[in-house]
Amino acid sequence: MDEVPLTKKKVSLVFFVCLMLMFAIIALLVNYSGHAYRRLAEEAFEEENYLECYQLLYGQHLNESQEVMFHQSKIHLKMDSVWNRYKSLMAEKQYLKGLDKLIQFVFEYPEINEYATEWNCEEVVDTTYREVLDVLYDEYKLEEQDAISIANIEDDVEYTKTLTSLVEKKENGMLK
């Protein structure tokens, strides 16, 4: 049998074809894995596992419904973090920081609610807001307008004094 000599042109052609096949395979794998992540994210969202949904969708190319799921998951996680952080601070007897967390949520509410409205998820934010206002009233006898006024105190020292006074009154049973 006669051997066919390998020319640079033939080697380049084989190399180019192999390179194109490799890129095609990588593109298919990336596309499939992205599709799998998005499908898993949809399942997580339906199961109200918002953290998993958010993590799976983060950085992905999303269609419109997946974009909504991503932002709604983000909102749910933000609301969960308000309560989780507050409960954690209360368990650690860090009452001043816990009160601050609630007051800061009242301050951030308009911006958070606007974002939630954009993504059709305002009910979750409104529910959390009402619950925060209930805690502020039940624990510190603060009405919504009182909490907003405190949240708008610009001087950090005055703000801290106001919160400290409320915590001390609560601890001394003066708010009942």
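Any value given below was found using the heavy atoms of this structure, including those in side chains, with hydrogens, waters and symmetry copies removed.
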If hydrophobic clusters are built from ILVMFWY residues whose side chains come within less than 4.5 Å, do [X] and [Y] share one?
X	Y	value
L166	Y137	no
V167	M90	yes
M79	V135	yes
L133	F107	no

- Message: According to ring pair (Phe, Tyr, Trp, His ring centres under 6.0 Å), who are the partners of F45, at least two apart in sequence or on a separate chain?
- Response: Y50
At what distance, to the nearest 0.5 angstrom, does [atom1] of [X] lie from [atom2] of [Y]?
X	Y	atom1	atom2	value
L142	I150	CG	CD1	4.5 Å
L96	E168	CG	CD	9.0 Å
L40	Q55	CG	CD	12.5 Å
L77	L51	CG	CG	5.5 Å
Y140	L163	OH	CG	9.0 Å
N84	L89	CG	CG	11.0 Å

Identify every side-chain donor-acceptor pair in residues 68-75 under 3.5 Å, counting partners at least two apart or on other chains, and give the distances.
residue, atom, partner, partner atom, Å
H71, ND1, Y115, OH, 2.4
H71, NE2, E67, OE2, 3.3
Q72, NE2, W119, O, 2.9
Q72, NE2, N120, O, 3.3
S73, OG, M69, O, 2.9

Which pairs would a plain distance check flag for residues 97-106, meaning a side-chain donor or acceptor within less than 3.5 Å of a matching protein atom at least two apart in sequence or in another chain?
residue, atom, partner, partner atom, Å
D100, OD1, Y159, OH, 2.5
Q104, NE2, Y159, OH, 3.0

Please examine the side chains of [Y] and [X], heavy atoms only from C-beta on, and report whether any two atoms are closer than 4.5 Å.
X	Y	value
E158	T162	yes
Y86	V132	no
Q66	Q60	no
L56	R38	no

- Please report the C-alpha distance between E43 and R39 in whole Å, then the side-chain angles of each, then the deciding distance to 0.1 Å, and finally whether the salt bridge (Lys or Arg N to Asp or Glu O under 4.0 Å) criterion is met. CA-CA 6 Å; E43 291 172 9; R39 188 175 41 76; 3.6 Å; yes
- Scan for side-chain hydrogen bond (donor to acceptor under 3.5 Å, both in side chains) pairs involving residues 143-155, sequence neighbours excluded, and state none if there are none. Y129-E144
- With S88 via side chain to side chain donor-acceptor pair (under 3.5 Å) - residues at least two apart: E92
Would you list the atom pairs, donor with acceptor, under 3.5 Å between side chains in residues 121-128 and any protein atom, with sequence neighbours excluded?
residue, atom, partner, partner atom, Å
D126, OD1, Y109, OH, 2.5
T127, OG1, E123, O, 2.8
T127, OG1, R130, NH2, 3.3
T128, OG1, V124, O, 3.1

